[in-house]
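The chains referred to below are lettered A, B, ... by the order of the sequence lines, with proteins before strands, and numbering in each begins at 1. Keep in mind that this is a model prediction, so the values were computed, not measured.
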Number of protein chains: 2
Amino acid sequence: MSKYNKLTKEMVAELQQIVGDRNVIYDDQGKLETYSHDEVNDEQYAQMPDIVIKPENAEEISKIMKLANRENVPVTPRGAGSGLSGGAVPVEGGIVLSLERMDKIIEIDEDNLIAVVEPGVITNEINELIAEKGLFYAGYPMSVESCFIGGNVAENAGGGRAVKYGVTGRYILGLEMVTPEGEIIHLGGKRVKDVVGYDLVKLMVGSEGTLGIFTKIYLKLLPLPQHTVNLLVLYEDIETAIKQVPPILTDSKTLPTAIEFMDKESVLLVYKYLNEHLPLKGANAMLLIELDGSDEDVIEKAYHDIGDKCLENGALEVYVANSATTRERVWRIRRNIPEAIQTYSEYKSSEDIVVPIANIPDFLIKSREIAKNNGVDIYCFGHAGDGNIHSTIVKRSEMEKAEWDEQLEKTRSLIFEETVKMGGTISGEHGIGNKRKKYMKNIMKPATLELMRRVKLAFDPNNILNPGKIFDTGNDE
Amino acid sequence: MSKYNKLTKEMVAELQQIVGDRNVIYDDQGKLETYSHDEVNDEQYAQMPDIVIKPENAEEISKIMKLANRENVPVTPRGAGSGLSGGAVPVEGGIVLSLERMDKIIEIDEDNLIAVVEPGVITNEINELIAEKGLFYAGYPMSVESCFIGGNVAENAGGGRAVKYGVTGRYILGLEMVTPEGEIIHLGGKRVKDVVGYDLVKLMVGSEGTLGIFTKIYLKLLPLPQHTVNLLVLYEDIETAIKQVPPILTDSKTLPTAIEFMDKESVLLVYKYLNEHLPLKGANAMLLIELDGSDEDVIEKAYHDIGDKCLENGALEVYVANSATTRERVWRIRRNIPEAIQTYSEYKSSEDIVVPIANIPDFLIKSREIAKNNGVDIYCFGHAGDGNIHSTIVKRSEMEKAEWDEQLEKTRSLIFEETVKMGGTISGEHGIGNKRKKYMKNIMKPATLELMRRVKLAFDPNNILNPGKIFDTGNDE
């Protein structure tokens with residue numbers, strides 16, 4: 001039995017009045033279905049909403065949250081739906097609050113290097129707009145062409161430039177948001193330092209839409225790097241490749257923007273998918289290294305140094321991509337791995353573990369052992385420079401579905417166990433949502449979980465906003 | 001009437017048993033006095049503790065917090081006592097918990113570029129130890145030779161390298177801490193990405209010792225920059241100097257590490273104090289610009305570019321300091337301003353406002369007007385590249401003390417008002433503590449303050465840890 005009330009006709013009418021009739025989806029199962037899941041490809045994590053509403057501003061969202069509290073109906077905020085932990089799934093039904101209409105870039109403040117945007121702006125659009133002004137937003141999730149900036153903040157998205165630039169949270173200077181109780185508040189703003197009271201901006205970053213709904217986001221911008229080069233480095237095996245990563249990080253004069261890696265299985269699949277034919281010749285693993293900066297000579301020197309070091313330490317070949325076209329070609333390989341796996345695998349689970357960087361080789365060995373013992377495949381690729389590995393567990397075609405369900409569960413638990421043993425954790429970018437919630441008790445002390453629960457209830461006493469995510473609050477039923 | 005209980009002989013005995021007799025100060029007013037204040041030079045913000053205890057580890061602190069909750073006695077944690085907002089003052093008396101004995105550097109993990117330290121380590125000692133390994137911790141508060149790293153985390157210390165490297169929070173990857181209720185918990189760890197649950201590490205940063213007591217701190221390290229250069233740029237007036245700052249930030253190929261500024265009043269005073277005789281010739285303001293990096297040529301080119309641009313835009317002269325000795329000489333001028341003001345001024349108040357960087361010139365004009373209208377002096381210096389201005393309000397010798405008290409209050413309120421109007425806030429580094437608490441209601445909506453209060457009570461239901469700071473919790477009396 002849900003503790004929440006069902007939506008009544010009166011509530012629907014009131015919601016229609018708040019956002020306007022045409023910004024409501026109701027009684028149309030086909031259209032509602034789109035809002036029942038994110039990119040997690042497993043129906044056990046999906047749930048139909050009773051209604052989808054598309055507000056236009058903070059005032060409308062405030063009214064909606066007040067109604068929801070008064071009527072005890074849950075609200076689940078939703079960005080582009082490109083998440084990978086079920087964060088936008090309305091697990092208790094009720095209202096999905098889609099931010100798709102709040103898609104304005106409000107201001108580019110060139111004097112202060114700050115952009116003010118609404119949450120429904122597609123992340124890539126920000127960089128497209130500001131590049132001509134010589135500016136740059138450093139966030140670069142792999143779904144950059146479809147994801148919303150609001151979702152990036154809610155999940156503290158990482159991505160392909162975090163080695164040098166850090167993750168989304170570093171660039172969030174302020175937020176306007178609606179609290180779960182419907183108050184419109186402002187946190188931070190156009191300032192790079194602020195120690196007045198608790199840092200609620202940083203607490204909101206990565207809170208997975210459970211503590212508030214962003215309505216304006218203040219993003220720190222940087223001067224656009226003038227020169228960028230990519231190296232595609234081929235290795236006979238993944239161990240040799242990965243062993244190269246910690247010394248690149250500690251010894252390089254120029255810190256790379258990215259150090260991505262792809263194991264043999266990932267490379268073969270994405271080559272097939274893209275119909276690519278880069279020379280392989282026994283290469284079973286790749287590093288994709290990016291360097292950027294303001295000085296062409298420095299970048300050139302740096303990539304020669306790193307390339308030479310790679311060759312000295314077992315690399316088979318180093319390809320340099322320094323035009324926009326060749327650079328896009330190598331990043332396209334990396335970005336399309338999840339899509340390639342999706343295309344050729346009926347059943348899979350995309351994991352997202354993090355270990356201390358020095359432990360990546362150990363993790364890959366353990367991961368291969370676990371795969372072998374459980375009769376599944378595990379594709380490993382991701383952000384080697386951050387210790388963030390997208391372990392994708394895939395069903396072999398010969399395995400029965402029932403057997404797969406059991407082995408997937410076992411495999412995932414073992415992988416998480418090894419990760420935690422190494423001082424790592426179970427998600428570096430994708431978040432907990434409803435997908436990884438049950439593992440929280442294995443990786444966190446009850447006292448820590450209890451603190452998080454209390455923080456949730458401090459913001460949301462009725463547990464109205466995005467319930468059923470990250471952990472149970474104790475008043476879910 | 002305090003809501004807290006007085007310390008009994010039984011409690012003293014129990015505390016002595018927990019930390020050992022010799023690590024307790026009790027019944028010795030002379031020794032206790034040291035722990036009654038921080039660097040805020042105004043007795044109205046001071047308060048004597050009933051007892052000072054110096055635990056050695058998390059287990060002892062856990063026992064102390066459990067005792068304090070059981071007996072309803074307040075506990076105020078204390079680092080080096082170098083704070084500037086009264087954060088370490090036991091405003092309700094009771095126990096001061098000094099972290100001075102927890103001063104070990106536990107581990108330097110060179111493979112993962114992480115240091116694990118106890119909270120009582122002096123910040124400078126970390127860099128002294130790791131420099132020979134080619135590593136570098138980027139935090140650089142101006143009190144770096146005396147402050148503790150634990151205090152830096154509690155206040156989210158800024159300092160002299162924040163333009164390029166950001167503030168303390170960027171480098172805190174994990175914490176072991178004791179909660180106000182006495183639980184020992186671990187947050188984050190040796191990993192650069194972590195989106196599992198709420199980001200309590202970032203919430204703890206800057207929470208001013210009101211949410212928990214750190215017992216281990218995981219610091220992110222960087223490769224030590226190989227080349228550093230400082231420019232001391234002289235101007236006829238502060239307006240011309242400050243107008244130079246936004247274009248340096250937006251147009252420079254190499255982002256400076258620091259852009260500090262000093263107005264005429266500050267410069268004259270610190271020159272007198274240090275008996276320095278750098279050529280002035282009508283120069284009434286200074287910028288101190290630092291550049292660092294791995295490539296000598298790039299740094300040289302960058303400082304020539306910036307120096308030329310300064311001269312084109314009204315600088316009288318540019319001095320280059322590129323040896324360790326000359327660099328220390330210019331930084332010494334900047335670091336000693338507070339000390340110089342302290343020496344020559346009987347009464348003063350060090351403020352620490354932040355405005356959007358483009359607003360610094362407006363703020364300085366307003367500040368001068370306010371000083372004139374209220375018959376006080378305001379010395380302005382600080383971190384121009386962050387919009388963070390240390391406005392120091394000083395009594396003129398001819399003013400009576402009673403008049404000063406009134407004018408100080410008025411001046412401070414007007415400065416804060418102007419700051420907030422410009423989109424700024426009242427503290428960039430020093431924090432709220434008990435000194436700025438009464439201004440919180442002027443700069444934050446009741447709904448925002450209420451959220452912070454609830455977060456405090458989520459961590460500390462009995463309001464036992466560092467009560468009376470930042471805001472009232474509603475159960476203070």
Which region of [X], side chain (C-beta onward) or backbone (N, CA, C, O), has a non-hydrogen atom less than 4.5 Å from a non-hydrogen atom of chain A, or is it both or neither?
{"X": "B:I114", "value": "neither"}
{"X": "B:A302", "value": "neither"}
{"X": "B:E429", "value": "both"}
{"X": "B:L135", "value": "neither"}
{"X": "B:E181", "value": "side chain"}
{"X": "B:K301", "value": "side chain"}
{"X": "B:M444", "value": "side chain"}
{"X": "B:E450", "value": "neither"}
{"X": "B:H383", "value": "side chain"}
{"X": "B:S85", "value": "neither"}
{"X": "B:M440", "value": "side chain"}
{"X": "B:N388", "value": "side chain"}
{"X": "B:I426", "value": "both"}

Return yes if some donor-acceptor pair links the side-chain N/O of [X] with the main-chain N/O of [Y] below 3.5 Å, else return no.
{"X": "B:R170", "Y": "A:R170", "value": "no"}
{"X": "A:D386", "Y": "B:V192", "value": "no"}
{"X": "A:K190", "Y": "B:M422", "value": "no"}

Side chains of [X] and [Y]: closer than 4.5 Å at any heavy-atom pair?
{"X": "B:K193", "Y": "A:V167", "answer": "yes"}
{"X": "A:D194", "Y": "B:V354", "answer": "no"}
{"X": "B:E183", "Y": "A:P446", "answer": "no"}
{"X": "B:Y439", "Y": "A:V196", "answer": "no"}

Using non-hydrogen atoms only, which part of A:I443 is less than 4.5 Å away from chain B: side chain, backbone, both, or neither?
side chain

Taking every heavy-atom pair that is under 4.5 Å apart, which of B:N156, B:T254, B:L211 has the most such pairs with chain A?
B:L211

Intermediate values then yes/no, side-chain contact (heavy atoms from CB on, under 4.5 Å), B:V355 and A:R191
CA-CA 6 Å; B:V355 290; A:R191 42 196 187 247; over 6 Å; no

Between A:A358, A:P356, A:G431, which has the largest tally of heavy atom pairs under 4.5 Å with chain B?
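The answer is A:P356.
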
Pairs where residues 195-204 of chain A contributes a residue and the test side chain to side chain donor-acceptor pair (under 3.5 Å) is met, not counting sequence neighbours:
A:Y198-B:T210

Given side-chain contact (heavy atoms from CB on, under 4.5 Å), test A:D111 with B:I357 step by step and report yes or no.
CA-CA 8 Å; A:D111 293 330; B:I357 293 161; over 6 Å; no

List for me each residue that meets side-chain contact (heavy atoms from CB on, under 4.5 Å) alongside A:D297, sequence neighbours excluded, and say none if there are none.
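Per chain and number, A:D297 pairs via side-chain contact (heavy atoms from CB on, under 4.5 Å) with A:D295.
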
What do you reckon, is NZ of A:K164 surrounded by more than 12 foreign heavy atoms closer than 6.0 Å?
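Enclosed: over 12 neighbouring heavy atoms sit under 6.0 Å from NZ of A:K164.
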
